[in-house]
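Notes for the one structure printed next.
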Amino acid sequence: MANLDDLMGADNPLYEKRKGVYPKAVDGFFRRFKWAIMAVALTIYYATPWIRWDRGPHAPDQAVLVDLANRRFYMFNIEIWPHEFYYVAGLLVMAGIGLFLVTSAVGRAWCGYACPQTVWTDLFQHVDRLVDGDRNAQIRLEKASWGPEKILKRLAKWSIYLFIAFWTGGAWIMYFADAPTLTVDFWTGQAPPVAYATVGVLTATTFIFGGFMREQVCVYMCPWPRIQTAMMDEKSLIVTYREWRGEPRGSVKKAEAQPGAFGDCIDCNQCVAVCPTGIDIREGPQIGCITCALCIDACDSVMEQIGRPRGLIDYLTLDDVATEKAGGTAHPTLKTLFRPRTLVYFGIWCLIGLAMLFTLGQRTRLDLTVQHDRNPLYVQLSDGSIRNNYTVKVRNMETRQREVELVVKGLPGAVAWTSTGSRETATDRVKVSVAPDTVQKVRLFVVAPTEGSARTDFEIQAVALTGNERGDSDSVRFERPETGQ
Amino acid sequence: MQAADVKRAPLVNALAAIPVEQLVADQKLYQGAVAGGAAAFKVHCVQCHGSGAIGSKGYPNLNDDDWLWGGDIAAIHYTLTHGIRNPDHPETRVSAMPAFDGVLTPAEIASVVGHVQSLSGKAKPNAKGAELFATNCASCHGVDGKGLREFGAPNLADGIWLYGGDKATLTETVKYSRQGVMPRWNDKLDAATIKMLAAYVYSLGGGEATPAAAVPAAAPATMEAKAANGQP
């Protein structure tokens, strides 16, 4: 075993000092794909809270709203109450399995295209190009001593960073309150302190993570690359340098001088220059590679210019690497995407989604909880009959007033009334009016004849009186004295 | 405490202003009063009536529908305000059942007890007991034994007994009488708290509707209308 000091000594620090990354602008299929995803992702993020959705007078008209204060979650025509949180849990499970699916099929596609860290870093790198110029100008400016130009450019760049970071944090809070109201409140100093604190924290993290730490977050902070590496297999697509085609490297001139002595790679370093994490893909698969495929774009355009076939750097599976090295041809991409493992993930993902949709369609918007009062368990009345009291909670999860009938089932001779009624007019059912989107607490008095077992289990049903709507029921117990007096 | 008092002030002020007969109709105020009463009950009443207000021997169960002095909110409020058998207070509720030890012979007492038990089907009817009951007891408890709230005379024909419906306990009651006492609260609690307690006790399930005649708000209007019409 190696001496620990050798591994962890001053010569081998666990943290590698950050090397500056100045990715060069590039164009190509994957770059355009990334543009499209960035446009869609940022549009969704910034625009969603501003979409209006009419729910009538008793509910907010914001399409997507996490109303923490009132404990409601709105998403278009779906309203989730806190006790229905399992829908959110289901979504998280789906997100997890979705990541398994994507990772096993197309490797670190999440890292390369959709992760907020990637999207915002990409955005900030465009800001760098806008202010400082492309790669070479950036390097020159970084090395230059501090003068008026550098100070001005740095100030300009950081101001734009801060502006973007602020809007990032500012958009986040819009999901938790009525967006137009909160915007006005925010700028007039009326918003709750937590709104300012959230904007402050998210501005700071966006500014630091997107502006300065960038790939360091992916390599050192994020656990996801490590987990993903464990979930990929030899059939997952990864960005691969076809070293059996590219090596040994030699310039176009050398190759012309000695035909057959060199591979296709002309060592132009374009793949390194465009890499947003500053790695050299020709060294093989590595933790720093987020598989954004910009090196594929760069290499393809070079290959086209010098008239060699594209795909020296390409999405390949480890299996294909072995096949191609042995002289065979790679599987078609579709065949690597649709294989038992991905189909099983997809099946599970669909099952959970469909099960959630089904329960969402089946769920009642009227919910009943009945609790038997325990002090006293029962009350003996003057005519000898027995009264039990129940605390009934009727949840009206619709945004309209509803008339509900509470019906006593399975307790012979029983009558029920609430605090607004009386025993004289009581029958086996009581009407309760429940305000929109509220929980109505009702004290229910139930009287049954003395005769009967000491404990009778029966049911209280909540029946919605308007239309043919689903109700709910709850099982409770009726208690009588153990020995009749 | 001061902050709590400030927060309670609107409820307390509204309660102090409203006639107790109208409290139940004002559902929001009533619910607030019930909640406040539940808290006050835990401090002032549980010592005798128990935490669930089910009482014990000699202390009435406030959950049931049997009331010695009336179960509408105004009657409950009166009992709370003036108490029962408070000798220093002229407005207190008073009921003095005589002790029949020496007035009736043990054998006569036994037949009266038998008759009382027969009213709720616990014993066979006996003519001698019925006759003695009519002469000695019916003036307060009624001929049929159903009691009279004006005197706080309990209903002897129902299934509820304050001290017990067995022979030994009934004999003791007839022989020595019962003189249970409830303190009056008008000298200890403020008007709002007493109304809260009345609302809470009323809400326990045995509360009776206020008799129409006892609701005062409508009465003056009628009298004014009559006066305007030149009627007496």
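Model, not experiment: these values are computed from the prediction. Proteins get letters first, then strands, A, B, ... in listed order; numbering begins at 1 in each. Hydrogens, waters and symmetry mates are skipped; everything else that's a heavy atom, side chains included, is used.
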What's the spacing between [X] [atom1] and [Y] [atom2] if we round to 0.5 Å?
X      : Y      : atom1 : atom2 : value
A:Q380 : B:D64  : CD    : CG    : 9.0 Å
B:D66  : A:L381 : CG    : CG    : 9.5 Å
A:R443 : B:L204 : CZ    : CG    : 6.0 Å
B:Y202 : A:S419 : OH    : OG    : 9.0 Å

If you count the non-hydrogen atoms of other residues, nucleotides and ligands that lie under 6.0 Å from CE in A:M75, is the total more than 12?
-> no
If you count the non-hydrogen atoms of other residues, nucleotides and ligands that lie under 6.0 Å from CZ in A:F85, is the total more than 12?
-> no
Please look at B:E208 and chain A and tell me whether the side chain, the backbone, both or neither of the residue comes under 4.5 angstrom of a heavy atom of that chain.
->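 For B:E208, there is no contact with chain A at all, as no heavy atom is under 4.5 Å.
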Heavy-atom side-chain proximity of B:N63 to A:R387 below 4.5 angstrom | yes
Are A:N375 and B:S51 close enough that some pair of their side-chain heavy atoms sits under 4.5 Å apart?
->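 Of all side-chain heavy-atom pairs linking B:S51 with A:N375, at least one is under 4.5 Å.
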Indicate yes or no for a side-chain donor-acceptor contact from A:R423 to the backbone of B:D65 under 3.5 Å, with no hydrogens or angles considered.
-> no
Side chain, backbone, both or neither: which part of A:S385 has a heavy atom under 4.5 Å from chain B?
-> neither
Shortest non-hydrogen contact between B:G52 and A:P376, atoms and distance | O-CD, 3.6 Å
